[in-house]
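One structure below.
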There are 2 protein chains.
Amino acid sequence: MTSQDQGRGGGEDETRGQGRGRDQDRGRGQDQGQGQGQLDRGQEREQQGLHARLLASLGPAITGGAYPPGTVLRTDELERRFEVSRTVVREVVRVLESMHLVESRRRVGVTVLPTEHWNVYDPQVIRWRLAGADRPRQLRSLTVLRSAIEPVAAGLAARLATADQCAELTQHALGMVATSRGQQLEGYLVHDMAFHRVILRASGNEMFARLGDVVAEVLTGRTEHHVMFTDPDPAAVTLHVQVAEAVRTGDAPRAERLTREITTGAMAELDILAP
Amino acid sequence: MTSQDQGRGGGEDETRGQGRGRDQDRGRGQDQGQGQGQLDRGQEREQQGLHARLLASLGPAITGGAYPPGTVLRTDELERRFEVSRTVVREVVRVLESMHLVESRRRVGVTVLPTEHWNVYDPQVIRWRLAGADRPRQLRSLTVLRSAIEPVAAGLAARLATADQCAELTQHALGMVATSRGQQLEGYLVHDMAFHRVILRASGNEMFARLGDVVAEVLTGRTEHHVMFTDPDPAAVTLHVQVAEAVRTGDAPRAERLTREITTGAMAELDILAP
DNA sequence: CAAGCCCATAGATACGACGTATTCAAGAGT
DNA sequence: ACTCTTGAATACGTCGTATCTATGGGCTTG
């Protein structure tokens with residue numbers, strides 16, 4: 001009869017013996033089935049899936065240079081090394097492939113692509129790179145990007161910002177003033193990030209708006225990179241207040257020029273040659 | 001009718017009411033060879049995989065608004081509708097999820113996310129949107145982005161461009177001059193794209209360099225959008241030549257200013273308010 | 001030594017089974 | 001009557017296996 005047992009409950013038959021060899025290394029089905037997983041999840045960081053876990057392992061490893069371009073990863077090797085099934089590996093590889101971090105070819109394996117193919121605007125990739133070894137380089141690239149985007153965004157915001165957005169802007173600028181002295185860098189950072197996020201959103205351009213997260217990461221990185229002890233530059237604080245004012249009054253050229261001063265200052269902090 | 005049959009594959013008691021799609025479980029492997037005729041995949045020979053085919057169907061459909069945000073797609077429905085297996089659907093959903101186009105949640109399905117979540121810098125997404133209904137809107141967004149990026153990139157290029165890059169730049173500028181008259185728009189477009197690509201690459205910033213493809217798509221879209229009959233604006237051609245010259249002589253402010261004139265002109269063509 | 005054929009290999013695709021989280025609703029408790 | 005708990009239904013998550021296909025290397029042959 002062709003039908004083996006469709007009801008799983010009964011037979012623990014010996015035909016799985018072959019599979020045992022592979023299965024015994026983890027006992028994955030049963031292991032997860034027990035309450036074990038809950039304890040595990042309770043203590044450690046929140047891993048909401050094997051897929052996310054593997055991606056969080058492979059992504060930073062690749063962007064961090066642990067696998068130089070040209071390195072070939074085989075799926076079964078990844079399968080064993082990370083103790084996940086083929087399905088998980090394949091889905092993760094597909095995602096990495098969509099980021100152009102790797103290329104999967106038959107008979108060859110999963111090849112790590114050179115840096116110039118990477119989709120460097122993917123927030124995930126940005127986060128991985130900022131967390132990795134070439135963080136300084138990434139920070140410079142992104143700061144230069146900011147210097148191009150934000151002044152234009154501020155100019156547009158001056159024309160298009162709603163009353164609510166102007167109010168938000170002023171509020172965060174005042175918040176920056178209030179936290180600019182006395183080792184309140186955390187509070188300052190929050191207002192700084194919110195300020196730039198509002199500017200980008202108020203520009204009315206979705207491409208600009210999407211950079212809010214990137215700018216936030218850059219500001220965070222900058223803060224925890226070189227200061228933590230010195231208060232923010234008073235000139236920068238003043239500039240933010242003035243930008244808020246320029247946006248509120250609809251003075252686009254002024255908003256753009258002032259924001260350009262802000263980003264120029266940000267570049268100077270990183271020793272980037274200013275135009 | 002409570003649970004009387006857990007088995008999905010064997011059960012014929014779909015309480016669906018519509019018999020459509022029942023043929024799917026019959027001979028999947030052979031079905032590909034036959035070419036059922038339901039889908040005209042005989043025409044598009046570029047499909048080197050079911051994964052790519054499904055992605056090319058779903059991606060544009062989502063970005064094009066065929067599935068408004070909040071729409072729930074169930075995996076088994078996609079399975080039937082596109083006549084592919086669960087594996088393929090899952091991998092495609094993972095990729096779409098990595099682009100933040102959809103979100104997959106247990107017990108609810110694959111939900112289309114609102115536009116503001118989309119990873120609008122993903123070249124794939126950009127291509128889909130440019131091919132879709134909101135092409136004009138997308139073209140405007142990208143042109144504004146260009147207006148922010150390219151002047152800064154040109155300024156950096158004036159400082160950092162190698163001799164080879166300067167030569168390339170001059171060559172393409174001359175190519176634009178040569179093709180600027182007499183219905184040679186295709187050749188003009190090639191040089192135009194190459195010119196801006198060299199500028200972005202010569203800026204030395206990887207974030208800028210990666211926008212070469214985007215700019216190329218914008219230029220292509222613009223050309224085939226509103227002209228095809230009129231020759232390029234002579235002023236724009238002159239500006240490109242001057243930019244090449246400014247970069248060659250290392251005059252960063254001039255290169256930046258001239259490029260800003262170019263992008264301002266590009267925005268004017270799309271009736272975008274210029275600063 | 002070079003060119004072409006053969007086959008081992010590893011990814012691509014498929015499919016069914018089971019696990020698990022989440023949602024909805026019914027029922028118990030206050 | 002309202003709320004909280006708990007159970008069931010459901011649709012995604014994960015896994016193991018089987019088969020297919022393309023490809024690269026090795027072998028054979030001229």
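Keep in mind the model is a prediction, meaning the values are calculated, not measured. Throughout, a chain's letter reflects where its sequence line sits, starting with A, and its residues are numbered from 1.
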Ranking A:R86 and A:R105 by the position along DNA chain D of their nearest nucleotide, the one closer to 5' is A:R86

Margin query: Ring-plane angle category for B:Y121 and A:Y121, please: parallel below 30°, perpendicular beyond 60°, tilted otherwise.
Written below: parallel

Between A:V215 and A:H196, the two heavy atoms sitting closest are CG1-CB, 3.9 Å

Here the distance between atom C1' of C:dC7 and atom CZ of A:R106, to the nearest Å, is 17 Å

From CD of A:E103 across to P of D:dA22 the rounded distance in Å is 17 Å

Which of C:dA12, C:dT13, D:dC15 is nearest the side chain of A:S104? It is C:dA12

Per the under-4.0 Å heavy-atom filter, residues of residues 93-101 of chain B near DNA chain D come out as B:R94

Kindly say if B:R74 contacts the phosphate of D:dC12, meaning a side-chain N or O under 4.0 Å from OP1 or OP2. no

From CD of A:E91 across to P of C:dA12 the rounded distance in Å is 13 Å

Worksheet item: Within the pair A:T75 and C:dA10, is there a side-chain N or O less than 4.0 Å away from OP1 or OP2?
Response: no

To the nearest angstrom, the CG-C1' distance between B:D76 and C:dG16 comes to 14 Å

Check: C:dA14 base within 3.5 Å donor-acceptor of B:T87 side chain: yes

So CD of B:E206 and CG of B:L211: to nearest 0.5 Å the spacing works out to 11.0 Å

Between CZ of A:R80 and C1' of D:dG16 the distance, given in whole Å, is 15 Å

Between NE2 of B:H51 and C1' of D:dC20 the distance, given in whole Å, is 19 Å

For B:E116 and A:R210 the tightest heavy-atom approach is O-NH1, 3.6 Å

Against the side chain of A:R107, the closest entry in C:dT20, C:dA14, D:dG24 is D:dG24

Rounded to whole Å, CG of A:L50 lies from C1' of C:dG19 at a distance of 12 Å

(message) Tell me if a side-chain donor or acceptor on B:W118 pairs with a main-chain N or O of B:L113 at a distance below 3.5 Å.
(response) yes

